[in-house]
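See structure below.
Computed over heavy atoms, backbone and side chain alike; hydrogens, waters and symmetry mates excluded. Naming convention: chains lettered A, B, ... in sequence-line order (proteins, then strands); numbering from 1 in each chain.
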Amino acid sequence: MRLDSIGDWRRTHHSVDVKPEMDGEEVTLFGWVQEVRDLGGIRFIILQDREGTIQITVPRKRIGNEVLSKSDVLQKRYSIGVEGIVKKTDMTPRGVEVIPKEIKIFSTATPRLPIDITGKTLANLDVRLDARALDLCQEEKIAVFKIQHTAVDAIRNFLFEKGFIEVHTPRIIASATEGGAALFPVEYFERKAFLAQSPQLYKEELVMSFEKVFEVGPFFRAEESHTGLHLSEFVSIDIEQAFSTAEDVMQLLERLIQHVCKVVNRKCKKELATLKHSIEVPEVPFKRLRYEDVLQDLKREGVEIPWGEDISTPAFRTLGEIHPYFYFIVDWPTDLKAFYIKPHDDNPELCEGFDLMWGWIELVSGGTRIASKELLTKRLKEQDLNPESFKSHLQAFDYGMPPHAGWAIGLGRLTMMLTGKKNIREVTLYPRDKFRLTP
RNA sequence: GCCCUGGUAGUAUAGUCCGGUCUAGUAUAGGCGGCUGUCGCCCGCCCGACCCGGGUUCAAGUCCCGGCCAGGGCGCCA
């Protein structure tokens with residue numbers, strides 16, 4: 001087939017911007033054929049772009065031969081351009097259609113697509129991920145990532161407003177001994193290096209200069225996880241703030257979550273409708289449950305967890321039934337949290353770490369950090385880590401480390417909350433797990 | 001990594017328990033033809049599949065063993 005070049009054609013409108021009151025106007029539209037419904041004497045072509053769809057109507061007897069023969073060959077997913085006249089009509093749901101004067105075909109598509117893009121026969125996640133580029137063309141998938149985009153935009157704006165500076169810490173790191181999570185090794189010239197699992201140590205060091213920093217970026221964990229919440233590569237939104245405590249950054253966090261819910265509700269009405277999902281804007285402050293309270297709540301539900309033990313996934317599910325929306329868990333046993341979380345001054349058994357839960361899912365974890373080199377070294381040893389491996393990080397504590405606190409949001413999990421998706425793979429463009437490395 | 005469940009046309013499924021008219025059914029997609037107001041268009045015809053390897057049996061999509069893959073759950077996740 002002879003393909004057309006774009007030439008001097010430029011888009012005048014997206015599909016959704018063509019309105020009935022434009023009756024008689026000429027428009028140039030670009031997009032993809034979503035569906036062709038041919039009734040014999042009249043043919044309907046549904047043109048899709050990233051904003052939505054519009055009907056191109058081809059009445060056989062009242063249209064030029066060239067347009068007709070172009071429209072004869074159109075199939076699903078062909079990339080096309082249409083120059084035509086807007087017509088107000090009460091025969092389409094949107095009250096408008098376009099009668100083409102000229103059609104350009106930019107590229108064709110395979111006739112038998114690997115997934116049904118009209119949504120009549122829903123393909124399984126695995127099949128869809130194998131054909132992700134095509135899968136993402138569907139309105140529902142676009143809606144998920146538009147919501148994610150809106151959320152990240154809202155978060156950035158909120159943090160900028162509060163005086164945070166956006167930073168970029170290394171993805172390639174030298175030491176494999178930062179803690180428990182398994183790291184991916186990489187070849188680094190003649191040396192062995194690793195992909196970063198978190199910006200934790202760097203962002204702490206950066207509060208000494210920038211005071212309030214945040215970072216949005218991918219991190220890597222080589223865990224054996226096989227769940228709907230974990231990926232080997234995930235996007236984390238990290239903040240760290242000088243001269244603050246856990247309570248300060250918790251207040252920041254709950255307002256941020258509320259803000260994101262409001263903004264997404266306001267800006268993504270169409271996308272939420274597409275996903276048949278609604279977001280309830282939470283009241284602040286969020287509930288603050290102590291670890292102790294959580295054990296009591298669980299005990300009442302018949303789930304016994306001895307003090308000092310971590311809360312298992314099934315226990316979190318039970319907890320999520322009692323507290324279905326947002327809540328903090330605070331006052332964790334010090335030994336259950338990372339070495340850099342500050343123990344309470346008056347009761348070192350408990351620490352100033354917190355988790356922000358959404359039902360049974362941990363959305364955010366954070367806390368007051370240890371600012372004393374001496375205490376940090378002690379905590380490293382208590383967690384069977386070698387202070388020698390943290391030498392360059394510990395050195396920063398000789399230069400005036402302020403009291404500080406911070407947290408990290410899992411962007412995927414936040415997007416699950418905002419879109420109602422049950423598997424983190426659904427809200428990740430190209431998910432990576434132990435079994436999937438392509439596409 | 002462990003446990004459970006599953007793997008049938010491009011996609012989604014029925015059939016497997018209890019082996020034999022399964023020459024494998026249906027929907028959707030795709031091909032051809034028809035149709036002037038569809039919007040999950042409709043109508044007719046056509047195309048297309050039992051994950052791989054081994055075993056049991058007269059006979060295996062169906063039962064057994066191994067492998068691979070997927071989904072769910074658990075664990076892991078400073």
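- Each of A/M91 and A/A338 lies near RNA chain B, and the nucleotide nearest A/M91 is the one positioned closer to the 5' end.
- For B/U11, the paired nucleotide is B/A27, the pair qualifying as Watson-Crick or G-U wobble because both relevant distances are below 3.5 Å.
- Among the protein residues, A/K87 comes within range of the nucleic acid bases, having at least one heavy atom under 4.0 Å from a base atom.
- Looking at heavy-atom distances under 4.0 Å, A/P111 makes contact with sugar-phosphate atoms alone, never a base.
- For A/K120 and B/A29, the shortest distance from a side-chain N or O to OP1 or OP2 is below 4.0 Å.
- One interatomic measurement links the two molecules: CZ of A/R60 to C1' of B/U38, which rounds to 15 Å at whole-angstrom precision.
- Under 3.5 Å, the side chain of A/T118 and the base of B/A29 form no donor-acceptor pair of N or O atoms.
- For the OP1/OP2 pair of B/A29 and a distance below 4.0 Å, the side-chain nitrogens and oxygens of A/Q75 include no atom meeting the criterion.
- Atom CD of A/Q34 is separated from atom P of B/C41 by 10 Å (rounded to the nearest Å).
- Spacing between B/C77 and B/A70 at atom P, rounded to whole Å, works out to 24 Å.
- Between the side chains of A/T118 and A/E35, no donor-acceptor pair is found at a separation under 3.5 Å.
- One can place CG of A/D126 at 16 Å from P of B/G10, the figure rounded to the nearest angstrom.
- Remark: side-chain polar atoms of A/Q48 are paired, donor with acceptor, to backbone N or O of A/C137 under 3.5 angstrom.
- A/R37 has no side-chain polar atom (N or O) that falls below the 4.0 Å cut-off from OP1 or OP2 of B/C42.
- The aromatic rings of A/W307 and A/Y291 lie perpendicular to each other, with more than 60° between the two planes, well past the 30° mark.
- Residue A/R221 places at least one side-chain N or O closer than 4.0 Å to OP1 or OP2 of B/A78.
- Residue A/Q383 is classed as a sugar-phosphate contact, given heavy-atom separations below 4.0 Å to backbone atoms only.
- As a whole-Å value, the separation of A/R43 CZ from B/U36 P is 12 Å.
- Out of B/A12, B/G10, B/G75, the shortest distance to the side chain of A/T121 is found at B/A12.
- Side-chain proximity of A/S225 to the nucleotides B/C76, B/U11, B/G37 is greatest for B/C76.
- Nucleotide B/C74 has B/G1 as its partner under the Watson-Crick or G-U criteria, with both atom distances under 3.5 Å.
- A/D38 comes within 4.0 angstrom of a nucleotide base, judged by non-hydrogen atoms across all strands.
- One can find a donor-acceptor pair under 3.5 Å joining the base of B/G37 and the side-chain atoms of A/E97.
- Of all nucleotides listed (B/G75, B/A12, B/U38), B/A12 comes nearest to the side chain of A/V127.
- Counting any heavy atom pair closer than 4.0 Å across all strands shown, A/I115 reaches no nucleic acid atom.
- Across the strands present, B/G44 finds its partner in B/C32; the criterion is a Watson-Crick or G-U wobble pair with both atom distances under 3.5 angstrom.
- In this structure, A/T227 reaches the bases: a heavy-atom distance under 4.0 Å links it to at least one base atom across the strands shown.
- Nucleic acid contact class of A/F435 (heavy atoms, under 4.0 Å, all strands): sugar-phosphate only.
- Comparing the P positions of B/A24 and B/C64 gives a spacing of 25 Å, expressed to the nearest Å.
- B/C69 is paired with B/G6 under the Watson-Crick or G-U wobble criterion, all donor-acceptor distances under 3.5 Å.
- Comparing the P positions of B/C51 and B/C45 gives an interatomic distance of 30 Å, to the nearest angstrom.
- Residue A/N423 places at least one side-chain N or O closer than 4.0 Å to OP1 or OP2 of B/G72.
- Nearest nucleotide to the A/E35 side chain, out of B/C77, B/G72, B/C41: B/C41.
- Tested against A/E352 for a salt bridge (charged side-chain N to carboxylate O under 4.0 Å, His left out), the candidates A/K342, A/R290, A/R369 yield a single pass: A/K342.
- A/K76 comes within 4.0 angstrom of the backbone, heavy atoms only, and of no base.
- A/T245 and A/E247 share no donor-acceptor pair across their side chains, judged by distance under 3.5 Å alone.
- With a 3.5 Å ceiling on both atom-pair distances, B/U21 lacks any Watson-Crick or G-U wobble partner.
- Comparing atom distances between the A/R112 side chain and each of B/U36, B/C47, B/A78 picks out B/C47 as nearest.
- The gap from the C1' atom of B/G66 to that of B/U56 amounts to 15 Å, rounded to the nearest Å.
- Pair assignment for B/C63 gives B/G55, based on Watson-Crick or G-U wobble hydrogen-bonding distances that are each under 3.5 Å.
- In this structure, a donor-acceptor pair under 3.5 Å is absent between the side chains of A/S69 and A/D72.
- The same atom, P, is picked in B/G40 and in B/C3; the two are 47 Å apart, to the nearest Å.
- Counting any heavy atom pair closer than 4.0 Å across all strands shown, A/Q55 reaches a base atom.
- Between A/F326 and A/F286, the distance separating the two ring centers is shorter than 6.0 angstrom.
- Protein atom CG of A/D116 is 13 Å distant from nucleotide atom P of B/U13, rounded to whole Å.
- For the C1' atom pair drawn from B/C2 and B/A9, the interatomic distance equals 35 Å after rounding to whole Å.
- The gap from the P atom of B/C52 to that of B/U62 amounts to 11 Å, rounded to the nearest Å.
- For the pair A/L134 CG and B/A29 P, the computed distance is 15 Å after rounding to whole Å.
- For the pair A/P59 and A/G228, both in contact range of RNA chain B, the more 5′-proximal nearest nucleotide belongs to A/P59.
- Between the side chains of A/T169 and A/R171, at least one donor N or O sits under 3.5 Å from an acceptor N or O.
- A side-chain donor from one of A/E97 and A/T57 sits under 3.5 Å from a side-chain acceptor of the other.
- Counting distance only, with no hydrogens placed and no angle test, the side-chain atoms of A/T313 and the base atoms of B/C74 include no donor-acceptor pair under 3.5 Å.
- Residue A/N124 has a polar side-chain atom (N or O) positioned under 4.0 Å from OP1 or OP2 of B/A12.
- Using the six-membered ring where Trp is involved, A/H323 and A/Y327 have ring planes that are tilted, between 30° and 60° apart.
- Summarising the geometry, the separation between CD1 on A/I56 and C1' on B/U38 is reported as 14 Å, rounded to the nearest angstrom.
- Nucleic acid contact class of A/R94 (heavy atoms, under 4.0 Å, all strands): none.
- Using atom C1' as the reference point in both B/C4 and B/U11, the two lie 26 Å apart (nearest Å).
- The distance between atom CG of A/L129 and atom P of B/U11, rounded to the nearest whole Å, is 14 Å.
- When the nucleotides B/C77, B/U38, B/U36 are ranked by their closest atom to the side chain of A/H230, B/C77 comes out on top.
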